[in-house]
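Read the structure below first, then the notes.
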Amino acid sequence: MYQVLIAIHVLSVLIWIGGVAFVTMIVFPMIMRMENSLEKVLFFQGIEHRFAKIAKLCVVIAGLTGFGLLHLTGETSLLLTWKGVGPTLMLFVWVFYVLVLLFEGKLFKVIFKGEAQQDTSKIFFRLTVFHWVVLGLSLLAVVVGVWAGHGGLS
Ligand code: HEM
């Protein structure tokens with residue numbers, strides 16, 4: 001059971017964080033090079049809208065399998081301790097994504113309101129920085145999770 005759960009867990013994380021990396025490293029630089037503001041916003045919203053569905057599914061699967069793994073390994077009691085640094089960081093990143101995905105509609109409204117129509121370059125620069133921070137945190141969770149799960153703490 002553990003092996004099945006961890007395989008599904010890692011696959012969902014792979015598709016989800018891989019998508020975040022693609023958007024951050026490929027899509028944003030493309031948008032930054034576009035001239036037309038409306039074109040930028042439509043291109044971005046088209047991609048984020050499609051990716052959000054895949055990301056939501058992956059977040060649900062990663063969460064379910066993650067909690068299942070916590071239960072199976074008995075690591076729940078290690079959360080918020082140094083020994084449980086891997087799952088603790090994963091949980092933190094996961095909760096952050098859940099909040100962003102839940103309030104995505106509201107966030108977009110706030111981000112693209114007013115100022116965006118005047119200065120899309122500024123908005124997309126901020127979005128790029130935000131995506132790099134989120135991607136960095138996610139990759140850190142992967143590195144720490146693999147490191148801690150393979151004898152890094154012993
Ligand atoms: C509800 C959220 C999550 C929970 C409760 C959770 C929990 C766990 C647990 C208990 C394991 C088994 C490893 C061990 O025994 O220490 C695991 C493995 C793993 N998780 Fe998560 N996880 C969650 C979300 C995430 C996220 C968001 C990421 C990546 C950003 C991630 C990446 C990984 C990776 C790469 C492994 C494999 C580690 C290895 O090589 O053994 N997980 N997770």
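Start at 1 and go down the list; that is how both ligands and their atoms are numbered. Just the heavy atoms: all of them, side chains too, but no hydrogens, waters or symmetry mates, feed the values below.
At least one heavy atom of Trp16 sits less than 4.0 Å from an atom of ligand 1.
Rounded to the nearest 0.5 angstrom, Leu70 CG and Leu79 CG are separated by 5.5 Å. For the atom pair CD1 (Ile17) and CG (Leu135), the distance works out to 7.5 Å, reported to the nearest 0.5 Å. Distance check, rounded to the nearest 0.5 Å: CD of Glu39 to OG1 of Thr120 gives 10.5 Å. In this structure, SG in Cys58 is found 12.0 Å from CD1 in Ile8, a value given to the nearest 0.5 Å.
Among His71, Met90, His150, the residue whose heavy atom sits closest to atom 34 (C) of ligand 1 is Met90.
In terms of polar-atom proximity, defined here as any N/O pair under 3.5 Å, Trp94 makes no such contact with ligand 1.
Counting only heavy atoms of the protein, atom 42 (N) of ligand 1 lies nearest to His9 NE2, 2.8 Å. Of the protein's non-hydrogen atoms, Gly66 CA, 3.6 Å is the one closest to atom 4 (C) of ligand 1. In terms of protein heavy-atom proximity, atom 13 (C) of ligand 1 is closest to Tyr2 OH, 4.1 Å. In this structure, the protein non-hydrogen atom closest to atom 29 (C) of ligand 1 is Val13 CG1, 3.4 Å. Ranking protein heavy atoms by distance to atom 37 (C) of ligand 1, first place goes to Val10 CG2, 3.8 Å. Protein heavy atom nearest atom 30 (C) of ligand 1, with residue, atom name and distance: Ser138 O, 3.5 Å.
Atoms of ligand 1 lying under 4.0 Å from at least one heavy atom of Glu75, given by number and element, are 10 (C), 14 (C), 15 (O), 16 (O). In the vicinity of Leu70, heavy-atom distances shorter than 4.0 Å reach the ligand 1 atoms 5 (C), 10 (C). Within the listing of ligand 1, atoms 38 (C) sit less than 4.0 angstrom from a heavy atom of Gly145. Interface atoms of ligand 1 facing Phe67, defined by a heavy-atom separation under 4.0 Å, are 1 (C), 5 (C). Close approach of ligand 1 to Val142 is summarised as follows: ligand atoms under 4.0 Å from at least one heavy atom of the residue are 29 (C), 30 (C).
In summary, Thr65 places no N/O/S atom under 2.8 Å from atom 21 (Fe) of ligand 1, failing the contact criterion.
Taking each heavy atom of Ile31 and Lys40 in turn, the nearest pair found is O-CE, 3.5 Å. The two residues Phe124 and Met32 come nearest to each other via the heavy atoms CB-SD, 3.6 Å.
Criterion: ILVMFWY side-chain heavy atoms under 4.5 Å apart, direct or through other members. Under it, Ile61 and Val4 are part of a common hydrophobic cluster.
Residues Thr65 and His9 bring a donor and an acceptor atom of their side chains to less than 3.5 Å of each other.
Taking the six-membered ring wherever Trp is involved, the centroid distance between the rings of Phe51 and Phe22 does not fall below 6.0 Å. Aromatic ring centres of Tyr97 and Trp16 lie closer together than 6.0 Å.
Note on ring orientation: taking the six-membered ring where Trp is involved, the planes of Phe130 and Phe96 are tilted (angle from 30° to 60°).
Of the heavy atoms in Leu139, none comes closer than 4.0 Å to ligand 1. Looking at Leu69 against ligand 1, both its backbone and its side chain come within 4.0 Å, counting heavy atoms.
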